[in-house]
Engineer: 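Right, I'll just put the structure down here and ask away after.
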Amino acid sequence: MDAFFAAIEQLRRPELRGRPVVVGGDGDPRKRGVVSTASYEARRYGIRSAMPLRHALRACPHAVFLPVDFETYRAYSARLMALLREYTPLVEPVSLDEAFLDCSHRTEDPLALAREIQARIRAELGLTASIGIGPNKLVAKIAANLQKPEGLTMISAEEVEERLRPLPVQVLWGVGPKTAAYLKQTHNIETVGDLQALPLAVLQETLGPRHGEDLYRLCRGEDDSPVVTAWEPKSYSRETTFQVDVRRRETLVRTVRALGREVWAECVREDGYRVRTVTVKVRYHTFRTQTRALTLPQATDDLDLLLRTAVDLLHRHTLDRPVRLVGVRFSGLARPPTEGAAASPSQTDLVGAQPAFLDTSRRTASRTSS
DNA sequence: TCTGGGGTCCTTATCCTC
DNA sequence: TCTGGAGGATAAGGACCC
């Protein structure tokens with residue numbers, strides 16, 4: 001979807017159409033937070049996702065700043081995904097505003113099919129989508145990003161290597177700013193074509209056996225990953241950045257306990273998992289981030305034990321400098337042992353089979369603590 | 001001066017067992 | 001008894017994704 005959050009805000013508040021709209025944080029650009037989505041009007045001022053709100057304010061003081069309203073975006077997302085599932089049951093939601101569709105069973109012209117989907121999204125949701133068509137997920141995703149907004153790009157299997165060649169390496173999965181800079185520095189690589197020229201052995205030597213081989217295939221547009229419709233979470237977490245850095249241990253303890261309760265409510269009470277590993281994250285004012293983790297002898301649903309563990313882990317941090325963020329994560333998830341018969345597969349498969357942010361029934365957890 | 005929050009996955013180090 | 005793998009589990013950090 002194009003500028004999804006901002007487009008929804010402009011849709012429900014017509015007076016915002018044509019104006020620069022920035023969605024992020026709690027909507028106050030003088031406070032700590034980053035841009036979630038900028039409307040295309042705001043992007044003209046250089047405003048981008050992940051940019052600090054204060055920077056966005058400086059770049060465009062007359063922009064309209066709005067808080068993130070996940071509840072509403074989730075509702076639009078549910079309608080979008082339902083619409084997509086009319087075309088194929090094989091829909092893999094990547095986030096609220098993005099999905100892969102496996103349409104390999106469909107026989108009509110792919111471009112005509114994509115145009116129909118775009119038209120229906122526009123007519124029924126009032127929003128625009130960009131679509132990429134390719135022989136696999138990687139190529140479809142790259143294609144979708146080539147033309148926006150409301151773009152439509154198809155890359156056939158025969159054209160893949162050639163179409164990818166001129167693109168910057170960062171279009172490939174797993175290549176972010178660090179890896180891109182490293183490839184440039186070590187082998188003067190900037191484009192996917194540069195990468196295609198590198199032998200497998202050199203890539204593996206540069207990036208490690210696993211990542212090297214992945215990239216060797218990805219830069220040729222090779223990707224056999226399936227469209228996955230069901231999904232089990234591996235961890236649940238909550239973290240919070242303080243508006244002002246905190247020195248008092250008491251405040252940190254209180255916040256860790258509050259975050260722990262929130263994670264427990266979602267992970268254990270709502271989704272029915274037991275937890276083996278607790279991790280507490282601390283980010284100091286310097287932005288140095290440290291984690292301390294403990295794996296319990298066995299998985300538990302005991303709130304008191306989990307909170308005590310979290311507080312113990314907090315105290316294993318030095319906490320000798322001002323703290324800007326604390327977080328709590330539960331992982332090593334297990335299902336409680338079922339009495340009598342083995343666990344019913346249907347239940348095992350259904351519960352938690354969707355990312356939490358896609359669950360339309362879920363209440364929005366409070367993201368502000370202390 | 002600034003740098004959110006929710007995740008996944010990989011690498012490396014270390015400890016332990018066989 | 002000592003030494004040296006192999007391999008699993010755990011812990012910590014970091015890159016990356018939306």
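Protein chains get the first letters and strands the later ones, always in sequence-line order, with residue 1 at the start of each.
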Engineer: Is A:Lys137 close enough to C:dC17 that one of its side-chain N or O atoms is under 4.0 Å from OP1 or OP2 there?
Structural biologist: no

Engineer: Would you say A:Ser36 places a side-chain N or O within less than 4.0 Å of OP1 or OP2 belonging to C:dC18?
Structural biologist: no

Engineer: Tell me which nucleotide among C:dA15, B:dG4, B:dG6 gets nearest to the side chain of A:Ser237.
Structural biologist: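 When the side chain of A:Ser237 is considered, B:dG6 is the closest of C:dA15, B:dG4, B:dG6.
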
Engineer: Taking the chi torsion of B:dC2, is it syn (within 90° of 0) or anti (everything else)?
Structural biologist: syn

Engineer: Using a 4.0 Å heavy-atom cut-off across all strands, classify A:Val35 as base, sugar-phosphate, or nothing.
Structural biologist: nothing

Engineer: With a cut-off of less than 4.0 Å, is there a side-chain N or O of A:Arg238 near OP1 or OP2 of B:dG6?
Structural biologist: yes

Engineer: Measure from the side chain of A:Thr179, starting at C-beta and using heavy atoms only, and say which of C:dC16, B:dG6, B:dT8 lies closest.
Structural biologist: C:dC16

Engineer: How far, in whole Å, is B:dT3 from C:dC17 if one measures between their P atoms?
Structural biologist: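 Those two atoms are separated by 23 Å.
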
Engineer: Any idea if C:dT1 is syn or anti, going by the 90°-from-0 cut?
Structural biologist: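 The base of C:dT1 is oriented anti (glycosidic angle more than 90° from 0).
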
Engineer: Side chain of A:Arg32 only, please: which of B:dT3, C:dC18, B:dG4 is the nearest?
Structural biologist: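 Closest nucleotide among those given: B:dT3.
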
Engineer: State which of B:dG7, B:dG4, B:dT3 makes the closest approach to the side chain of A:Thr241.
Structural biologist: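 Selected nucleotide: B:dG4.
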
Engineer: Heavy atoms under 4.0 Å, any strand shown: does A:Gly25 hit a base, just sugar-phosphate, or nothing?
Structural biologist: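 Since no nucleic acid heavy atom lies under 4.0 Å of A:Gly25, the category is nothing.
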
Engineer: Could you please name the option among C:dA15, B:dG7, B:dG5 that lies closest to any side-chain atom of A:Tyr236?
Structural biologist: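 Nucleotide nearest to A:Tyr236's side chain: B:dG7.
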
Engineer: Could you state the CG-P distance from A:Asp214 to C:dA15, rounded to the nearest angstrom?
Structural biologist: 18 Å

Engineer: Roughly how many Å is it from CH2 in A:Trp231 to C1' in B:dT8, rounded to a whole number?
Structural biologist: 9 Å

Engineer: 5'-most contact on DNA chain C: A:Thr277 or A:Arg329, nearest heavy atom basis?
Structural biologist: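 Nearest nucleotide further toward 5': that of A:Thr277.
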
Engineer: Looking only at side-chain N and O atoms, does A:Ser49 come under 4.0 Å of OP1 or OP2 in C:dC18?
Structural biologist: no

Engineer: If you measure from the P atom in B:dT1 to the same atom in C:dC18, how many Å do you get, rounded?
Structural biologist: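 B:dT1 and C:dC18 have their P atoms separated by 32 Å.
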
Engineer: Using a 4.0 Å heavy-atom cut-off, does A:Gly33 contact any base of the nucleic acid, only the sugar-phosphate backbone, or nothing at all?
Structural biologist: sugar-phosphate

Engineer: Flag the pair A:Asp301 / A:Pro336 as yes when at least one side-chain heavy-atom distance between them is below 4.5 Å, and no otherwise.
Structural biologist: no

Engineer: Under 4.0 Å between any heavy atoms, over every strand shown, what does A:Leu325 touch: base, sugar-phosphate, or nothing? Just pick one.
Structural biologist: sugar-phosphate

Engineer: Nearest heavy atom decides the nucleotide; on that basis, is A:Lys234 or A:Arg58 closer to the 5' end of DNA chain B?
Structural biologist: A:Arg58

Engineer: Scan residues 279-308 of chain A against DNA chain B and write down, sorted by residue number, each residue with any heavy atom closer than 4.0 Å; if none is found, say none.
Structural biologist: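 The stretch gives A:Arg283, A:Phe287 as the residues lying under 4.0 Å from the strand, ordered by number.
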
Engineer: Please tell me which of the listed nucleotides, B:dG6, C:dC18, B:dG7, lies nearest to the side chain of A:Lys141?
Structural biologist: C:dC18

Engineer: Please check: side-chain N/O of A:Asp2 versus main-chain N/O of A:Glu150, any donor-acceptor pairing under 3.5 Å?
Structural biologist: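 Indeed, once roles are kept as given, a pair shorter than 3.5 Å links the two residues.
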
Engineer: Between C:dC16, C:dC18, B:dG6, which nucleotide gets closest to the side-chain atoms of A:Ser95?
Structural biologist: C:dC18

Engineer: Under 3.5 Å, side chain of A:Glu190 to main-chain N/O of A:Lys184, donor-acceptor pair present?
Structural biologist: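 No, A:Glu190 side chain to A:Lys184 backbone: no donor-acceptor pair under 3.5 Å.
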
Engineer: Is any side-chain nitrogen or oxygen of A:Arg324 closer than 4.0 Å to OP1 or OP2 of B:dT3?
Structural biologist: yes

Engineer: A:Gln243 and A:Arg32: which non-hydrogen atoms are nearest, and at how many Å?
Structural biologist: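 In terms of heavy atoms, the two residues are closest at OE1-N, 3.1 Å.
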
Engineer: Between A:Arg43 (side chain only) and A:Ala38 (backbone N and O only), is there a donor and an acceptor less than 3.5 Å apart?
Structural biologist: yes

Engineer: Does one side chain, of A:Arg283 or A:Thr289, offer a donor that lies under 3.5 Å from an acceptor on the other?
Structural biologist: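 Distance-only check passes for A:Arg283 and A:Thr289.
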
Engineer: With nearest nucleotides of DNA chain B determined for A:Pro209 and A:Val34 from heavy-atom distances, which residue corresponds to the more 5′ nucleotide?
Structural biologist: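 Counting from the 5' end, the first nearest nucleotide belongs to A:Val34.
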
Engineer: Find the distance A:Arg210:CZ to B:dT11:P and express it as a whole number of Å.
Structural biologist: 7 Å

Engineer: Below 4.0 angstrom from OP1 or OP2 of C:dA11, is there any side-chain N or O of A:Arg316?
Structural biologist: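 Result: no.
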
Engineer: Nearest-Å distance, OH (A:Tyr182) to C1' (C:dA15)?
Structural biologist: 14 Å

Engineer: Is A:Arg17 close to A:Leu11 at the side-chain level, that is, under 4.5 Å between some pair of heavy atoms?
Structural biologist: yes

Engineer: Given atom CZ of A:Phe4 and atom P of C:dC17, what is their separation to the nearest angstrom?
Structural biologist: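 Rounded to the whole Å, the gap is 21 Å.
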
Engineer: For A:His211 and B:dT8, what is the distance between atoms NE2 and P respectively, to the nearest whole Å?
Structural biologist: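 It is 19 Å, rounded to the nearest whole Å.
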
Engineer: Whole-Å distance between C:dG13 P and A:Leu313 CG?
Structural biologist: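 My rounded result for the distance is 13 Å.
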
Engineer: Any non-hydrogen side-chain atom of A:Arg163 less than 4.5 Å from a side-chain atom of A:Ile142?
Structural biologist: no

Engineer: Within the 3.5 Å criterion, strictly below it, is a donor on A:Tyr73 or A:Glu9 matched to an acceptor on the partner's side chain?
Structural biologist: yes

Engineer: Give one of base, sugar-phosphate or nothing for A:Leu172, where a contact means two heavy atoms less than 4.0 Å apart.
Structural biologist: sugar-phosphate

Engineer: So, A:His317 versus A:Tyr284, ring centres under 6.0 angstrom or not?
Structural biologist: no

Engineer: Send over the distance from A:Arg74 CZ to B:dG6 C1', rounded to a whole Å.
Structural biologist: 11 Å

